[in-house]
Trainee: 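Structure below; questions to follow.
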Amino acid sequence: MTQANELTVPNTAPTRLATYFHIHLVSDSTGETLNALARAVCARFDNVLPIEHIYALVRSKRQLDRALGDIEEAPGIVIHTIVDPQLRAALEDGCRRLDMPCIPALDPLVGAMSRYLGASTTSRVGAHLRLDNDYFNRMDALNYAIGHDDGQGGQDLDQADVVLIGVSRTSKTPTCIYLAHRGVRAANVPLVPGRPIPDKLFHLNHALIVGLTISPDRLIQIRRNRLLSLKENRESSYIDVDAVRDEIVQARRLYERNGWPVIDVTRRSVEETAAAVLNLLYGGHGQVEVLG
């Protein structure tokens, strides 16, 4: 017969300490792809903290030998995107000699795509970074985002793909910059109490207008940290609870009146907010609310 009141044994297992390890990222290009991939993989593990060593633009035997010297001094995992067959072989031989794992990061995906397409791959270094129309479009989008930050260039908003609006400190600027790196021309317009909204905003025919919102508590925390970084200690409506709540309420009413989609950035990173904007831009239409 089962006892009605069983004793609960407390969990006395010690808390697992974070594991530090060295990860060496060797690339014959800028290393951005490799770095993003490595971080995405490491994020899948709890209590694991990688110490990153990045070797970018490795295109000669001398550069590779320097990297191998550093790898020998700090043993760990080696991940690479080396294309040149001779450099690749030298790196793999060096890692075997040092008894370290050497992982070609893109090989499984490239191999699968090659088999599917029935096409061979290029051995050109940095092939994905060539100066084509897509590259120049991204640079143009970046210039546009910088020139239309925080309400600047208001008469030129009709050239935007996306216009982000929101109260102060809702990640409008970094989200626009991130979108620009994806080739999206993004402007942002701040909602400031007592300051009129550019009339041009209400007459845009092609741009997607997205309203950003956030919880009052989180916004006050962000604003307080901003003031501390500026060594500003005075209390003001900028961080007053009632004033902040009213700002957010007024912003939400504006979005609803105009039927603009809303993204809650309370628990979102800039990357996640940008991804939500891209989903709205390329997939979603109409009045959509993307909750945090």
Side-chain angles (χ1 to χ4, degrees), residues 32 36 128-214 218-219 222-223 226 247-292:
E32 292 182 15
H128 65 296
L129 297 174
R130 60 184 181 274
L131 301 182
D132 56 8
N133 287 337
D134 181 61
Y135 174 84
F136 289 112
N137 286 339
R138 291 200 305 273
M139 293 303 101
D140 179 64
L142 185 57
N143 286 331
Y144 184 86
I146 294 171
H148 295 77
D149 179 40
D150 207 25
Q152 300 180 78
Q155 299 305 312
D156 202 19
L157 288 177
D158 51 359
Q159 294 187 20
D161 298 314
V162 173
V163 178
L164 302 183
I165 61 174
V167 301
S168 174
R169 314 314 296 177
T170 47
S171 303
K172 298 185 296 297
T173 297
T175 303
C176 284
I177 296 299
Y178 188 92
L179 289 169
H181 283 287
R182 300 291 295 272
V184 175
R185 293 163 67 92
N188 72 81
V189 175
L191 298 178
V192 181
R195 182 189 300 179
I197 302 169
D199 184 65
K200 185 78 172 180
L201 190 65
F202 301 101
H203 303 284
L204 298 179
N205 297 319
H206 305 293
L208 169 69
I209 302 174
V210 180
L212 303 183
T213 190
I214 190 172
R218 178 59 177 154
L219 183 56
I222 293 172
R223 288 182 173 183
R226 172 62 174 167
E247 273 189 75
I248 295 172
V249 168
Q250 294 304 322
R252 290 299 298 260
R253 288 175 179 172
L254 173 68
Y255 306 156
E256 291 170 5
R257 284 198 304 270
N258 292 278
W260 294 331
V262 180
I263 297 176
D264 188 336
V265 302
T266 303
R267 297 180 181 86
R268 289 180 183 270
S269 65
V270 168
E271 294 85 353
E272 290 170 325
T273 301
V277 172
L278 290 173
N279 284 340
L280 291 171
L281 182 62
Y282 298 127
H285 302 282
Q287 188 166 357
V288 179
E289 177 152 348
V290 184
L291 300 177

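Sequence positions, counted from 1, serve as the residue numbers for this chain.
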Trainee: How many angstroms lie between CG in Leu164 and CD1 in Ile263, if you round to the nearest 0.5 Å?
Mentor: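 Answer for the CG-CD1 pair, Leu164 versus Ile263, is 7.5 Å.
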Trainee: If we ignore hydrogens and angles and just use 3.5 Å, is the side chain of Ser269 paired with the main-chain N or O of Glu272 as donor and acceptor?
Mentor: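 Judged by distance alone, yes, a pair lies under 3.5 Å.
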Trainee: To the nearest 0.5 Å, what is the distance between CG (Asn137) and CG (Leu142)?
Mentor: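 Reported to 0.5 Å precision, the distance equals 12.5 Å.
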Trainee: Are Thr173 and Thr175 close enough that some pair of their side-chain heavy atoms sits under 4.5 Å apart?
Mentor: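 Counting from C-beta outward, Thr173 and Thr175 never come under 4.5 Å.
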Trainee: Can you tell me if Lys172 uses its side chain to pair, donor with acceptor, with the backbone of Val167 under 3.5 Å?
Mentor: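 Between the backbone of Val167 and the side chain of Lys172 there is a qualifying donor-acceptor contact (under 3.5 Å).
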Trainee: Report the relative orientation of the aromatic rings in Tyr255 and Trp260; use parallel for angles under 30°, tilted for 30 to 60°, perpendicular for over 60°.
Mentor: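 Tilted.
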Trainee: To the nearest 0.5 Å, what is the distance between CG on Leu191 and CG on Leu254?
Mentor: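 Rounded to the nearest 0.5 Å, the CG-CG separation comes to 6.0 Å.
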Trainee: Is there a donor-acceptor pair under 3.5 Å between the side chain of Arg223 and the backbone N or O of Ser168?
Mentor: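 Answer holds: yes.
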Trainee: Val262 and Asp264: side chain to side chain contact (heavy atoms under 4.5 Å, CB included), yes or no, with the steps?
Mentor: CA-CA 7 Å; Val262 180; Asp264 188 336; 5.9 Å; no
Trainee: With a cut-off of 3.5 Å and sequence neighbours excluded, list every side-chain donor-acceptor pair involving residues 181-190.
Mentor:
unit_1 : atom_1 : unit_2 : atom_2 : d
Arg185 : NE     : Gln159 : O      : 3.0
Arg185 : NH1    : Asp140 : OD2    : 2.3
Arg185 : NH2    : Gln159 : OE1    : 3.0
Asn188 : OD1    : Asp150 : N      : 2.9
Asn188 : ND2    : Asp149 : OD1    : 2.8

Trainee: If I take atom CG from residue Asp161 and atom OH from residue Tyr144, how far apart are they, to the nearest 0.5 angstrom?
Mentor: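 Atom-to-atom, Asp161:CG and Tyr144:OH are 8.0 Å apart.
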Trainee: Say you draw a straight line from CG of Leu219 to CD1 of Ile248; how long is it, rounded to the nearest 0.5 Å?
Mentor: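 Atom-to-atom, Leu219:CG and Ile248:CD1 are 5.0 Å apart.
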Trainee: Listing request: all side-chain hydrogen bond (donor to acceptor under 3.5 Å, both in side chains) pairs with a residue in residues 202-211, at least two apart in sequence or in separate chains.
Mentor: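 Output for this query lists Asp199-His203.
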Trainee: Nearest 0.5 Å, please: how far is CG in Leu157 from CG in Leu201?
Mentor: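 CG of Leu157 is found 6.5 Å from CG of Leu201.
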Trainee: Which pair of non-hydrogen atoms, one from Gln152 and one from Gly147, has the smallest distance, and what is that distance?
Mentor: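 Distance-wise, the nearest heavy atoms are CB-O, 3.3 Å.
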Trainee: Once side-chain contact (heavy atoms from CB on, under 4.5 Å) is applied, do any residues pair with Ile222, and if so which ones, sequence neighbours excluded?
Mentor: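 Partners of Ile222 under the side-chain contact (heavy atoms from CB on, under 4.5 Å) test: Arg169, Ile214, Arg218.
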